[in-house]
Amino acid sequence: MSKNLVIVESPAKAKTIEKFLGSDYTVLSSFGHIRDLSKHAFGVDITNGFQPIYEISPDKKKLVADLKKASDVAETVWLASDEDREGEAIAWHLSETLKLKHDKTRRIVFHEITKPAILKAIEHPREIDIDLVNAQQARRILDRIVGFELSPVLWRKVKSSLSAGRVQSVAVRLIVDREREIQGFVSESFFRVIALFTVTDADGKPVELKSELQHRFKTKEEALAFLEICKTSHYVIEDIIKKPSKRSPAPPFTTSTLQQEAARKLGYSVSQTMMIAQKLYEAGQITYMRTDSVNLSDLALGTAKAEILSMAGERYWQFRHFQTKTKGAQEAHEAIRPTYMDKHEISGTAQEKNLYALIWKRTIASQMSDAELERTTITIGMSNSSEKFLAVGEVIKFDGFLRVYIESTDEESDQDAEALLPPLKVKQPLDIIQVTATERFSQRPPRYSEAALVRKLEELGIGRPSTYAPTISTIQKRTYVEKSNLDGEVRTFTVLTLKKDKIKEESKSERYGADKGKLVPTDIGMVVNDFLMDYFPNILDYNFTANVEKEFDDIAEGQLNWQKSLQHFYDKFHPMVVETMANSERRSGERVLGVDPKSGKQISVRIGRFGPIVQLGNKEGDEKPQFASLKKGQLLETITLEEALDLFKLPRSLGEWEGKEMVVGIGRFGAYVRYDSGFYSLPKTEDPMLIVAETAVAIIQAKREADKNRQMKIFDQDPDLQILNGRFGPYISYQKKNYKIPAKTDPLQLTYEACLEIIQNDAKTAKKAPAKKKSSKKE
DNA sequence: CAGTGAGCGAGCTTCCGCTTGACTT
């Protein structure tokens, strides 16, 4: 065993550092935090100065024992966890848990994993910063108090197993608020006017020049009137303005910007990006992937420069130092960058290659020179109106960083600036080809994609690089939000075209509002959000985290006592919890929509035991009320009386076929026909409200035909026993259960007795390991 | 995982931030 033990957070980091330090040093990893507040209990002794009750996580017991052994024999223990609040706490937990003697313990930090940085750190050890540790404890305890006091309120007042927390509840609020903005949005239409001219280019060939009228018209009448004026107008170039402009590269990647760009450019989900990045990190190809820093090490700056010089030359290189603007950034690591800048590509899966290439380009571009552009704006005047058309062109004079990388944006712009304009002169007359006025609509605010939500959370200083992906998964697991799958609607718009002195009016149609894979709130999400907004508006405040972070900073600087800070919060917060528990109404999102015109009974919607339902009649009535589930995509908040009444029209009978009744309904897996105690799924193209008996019969027959082809063998002894060919190959079906056929057995050769034996064997093994079966059922 | 289309009855659920893991066909 070597004289020195170094403990870092990540095993990949440990491996790298061990190489730098030589044989006198053993480097081990703590795998993040080793202790936490007790998992099932409250974990904080409120009445005793918020004393935390820490436990070693069960999966860390062996690790801690190993660390203990190693630290006992080492002469010096170097605690090299990250230099941020959490890292300092990890160092402190290690020293407490391993009972490290003060005189043989050193605390060291480094921001980059390079040999000089690590050797320098070893030369400058310091003490554990207990103020910073206390700031972390305050953060941890506050989160526990908020989460473990609010969640039970939801269990009582809304539904069991729900949760609330400082981060997740605000994430849900953002999505709910945005959805309501969209619901309340009133789209306005206007007319954009585009004129197409013909001019000759440098070679004397005719080319088109596209220009847009500066003025947009509110109504069709105004647009028509303008086109009438255009009929008799002459057009002339009044002005040409050339303006140089510059574009600068974006800073290197942080976790959040990597997630955004990987989503935009490669279509990866936030968690996918993190999994791929983790692989790259473990393979030593990129630096650490959970970071809020845009900083590059001196080593990286040097190798990036060398790479740019050899690739593109001196003119393309520019030294840049980026500074983070993110609220609450802790900057314990570098930006995300390739470990070796001269590695333009790597071997690996296609996904790994793509993500690596993205990181490489972004990093290199960040040290390249500005792109120089020239923007030309041409003003075209009319002989009989003061309206002006503008044509805009942009030329790249010097590509600079654009040679390598262009950052994407979320909004797809339809404002296509012409790349190059033909040579033109002021006062030059122009020949008109056509003028079109197209009706357009103002855009509703966009729904959040996963990556856009991450960007917003980061902007508000809520959550950390390590929690963005888990937060998105939590709010979906709690069914507060889901990924959208909206087809949108069709709308018509008007296009007016003036060509050869004639105005033509056309009506065209387009699909709008379609949204796939965006985050939308569910009914539960909205009800929980509204409840929390009513009773705990301060926790849901977008600035709540920012405000408590200020307190944590004061604690870290030794200006504020952490217990006092928590006491101050708790004295206000806890009474609100008690009050809400005692006096608030249960929430179900109930809305009364009106009365059923047939029966005169009340129609209402609310969240029922198994999800959102519409109810016909009420408890006080003579008869039991009737219920129906809401369809996917319908919300309690927006469903109309008519839509709610439609839900009671299913299941409906299609009449009899061969003596048995066919019934159409909508179930968990979509629309179906039930016939002779069997279920037949309807294809998406069939509307269960409109389907007729003949179509249903055809579907039933088709399914029966397919089932017949599935049958490999049936037995005369027992019609319940069949050998079927399924998605995963042949299997035995017996009394509605399925059994695997042992390997190397020809299914067609199996006898009735052999099948029964397989079934009995399966029953035996199932009895032997019932726990296993149970756990595998769980998600 | 092998195809589904229900309807309580006891006790448990829950937070945020660090980090990777993995008894099998």
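A, B, ... follow the sequence lines: proteins, then strands. Residue 1 opens every chain. Scope of the values below: all heavy atoms of this structure, side chains included, with no hydrogens, waters or symmetry mates.
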Using a 4.0 Å heavy-atom cut-off, does [X] contact any base of the nucleic acid, only the sugar-phosphate backbone, or nothing at all?
| X | value |
| --- | --- |
| A/S30 | nothing |
| A/G463 | sugar-phosphate |
| A/R464 | sugar-phosphate |
| A/Q278 | sugar-phosphate |
| A/V167 | sugar-phosphate |
| A/G32 | base |
| A/A89 | nothing |

Report yes if a side-chain nitrogen or oxygen of [X] is closer than 4.0 Å to either non-bridging phosphate oxygen (OP1 or OP2) of [N]; otherwise report no.
| X | N | answer |
| --- | --- | --- |
| A/H40 | B/dT13 | yes |
| A/Q168 | B/dC16 | yes |
| A/R166 | B/dT14 | no |
| A/Y288 | B/dT19 | yes |
| A/S151 | B/dT13 | no |

*Within the distance-only criterion (no hydrogens, no angle test), does the side chain of A/Q626 pair as donor or acceptor with the backbone N or O of A/A628 below 3.5 angstrom?*
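Not confirmed, A/Q626 side chain does not pair with A/A628 backbone.
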*Taking the six-membered ring for Trp, does A/F148 stack with B/dT14 (centroid gap under 5.5 Å, planes within less than 30°)?*
yes
*Taking for each residue the nucleotide of DNA chain B with the nearest heavy atom, is it A/A41 or A/S10 whose nucleotide lies nearer the 5' end?*
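Taking each residue's closest nucleotide, the earlier one in sequence belongs to A/A41.
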*Report the residue (A/Y680 or A/I145) whose heavy-atom-nearest nucleotide on DNA chain B is the more 5′ of the two.*
A/Y680
Using the side-chain heavy atoms of [X], tell me which of these nucleotides is nearest: [options].
| X | options | result |
| --- | --- | --- |
| A/W155 | B/dT14, B/dT19, B/dC16 | B/dT14 |
| A/D82 | B/dT19, B/dC15, B/dG21 | B/dT19 |
| A/S161 | B/dC16, B/dT13, B/dT14 | B/dT13 |
| A/E9 | B/dG17, B/dT20, B/dC18 | B/dC18 |
| A/P11 | B/dG17, B/dT20, B/dT13 | B/dT20 |
| A/R478 | B/dT20, B/dC15, B/dC16 | B/dC15 |

*Pick one for B/dC16: is it syn, with its angle within 90° of 0, or anti?*
anti
Donor + acceptor pair across side chains of [X], [Y] (<3.5 Å):
| X | Y | answer |
| --- | --- | --- |
| A/S256 | A/E458 | yes |
| A/R478 | A/S163 | yes |
| A/T287 | A/E334 | no |

*On the 0 to 90° scale, with breaks at 30° and 60°, tag the A/F573-A/F569 ring pair as parallel, tilted or perpendicular.*
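Rings of A/F573 and A/F569: parallel, as their planes differ by under 30°.
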What is the distance, to the nearest angstrom, from the [atom1] atom on [X] to the [atom2] atom on [N]?
| X | N | atom1 | atom2 | value |
| --- | --- | --- | --- | --- |
| A/H33 | B/dG21 | NE2 | C1' | 18 Å |
| A/Q137 | B/dG17 | CD | P | 16 Å |
| A/Y468 | B/dC16 | OH | P | 14 Å |

*Report yes if a donor N or O on one partner sits less than 3.5 Å from an acceptor N or O on the other, where the partners are the side chain of A/R140 and the base of B/dC15; otherwise report no.*
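By the distance-only test, yes, there is a pair.
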*Per the atom types in the model, does the base of B/dT14 pair as donor or acceptor with the side chain of A/S163 at under 3.5 Å?*
no
*Return the minimal non-hydrogen interatomic distance between A/V170 and A/L540, and the atom names on each side.*
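Reported closest heavy-atom pair: CG2-O, 4.1 Å.
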Rounding to an integer number of angstrom, what distance separates [N] and [M] when you compare their [atom1] atoms?
| N | M | atom1 | answer |
| --- | --- | --- | --- |
| B/dC18 | B/dA22 | P | 23 Å |
| B/dT25 | B/dA2 | C1' | 14 Å |
| B/dT24 | B/dG3 | P | 27 Å |

*Does the pair A/E459/A/K456 count as a salt bridge with the N-to-O cut at 4.0 Å?*
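Result for this pair is yes, salt bridge flagged.
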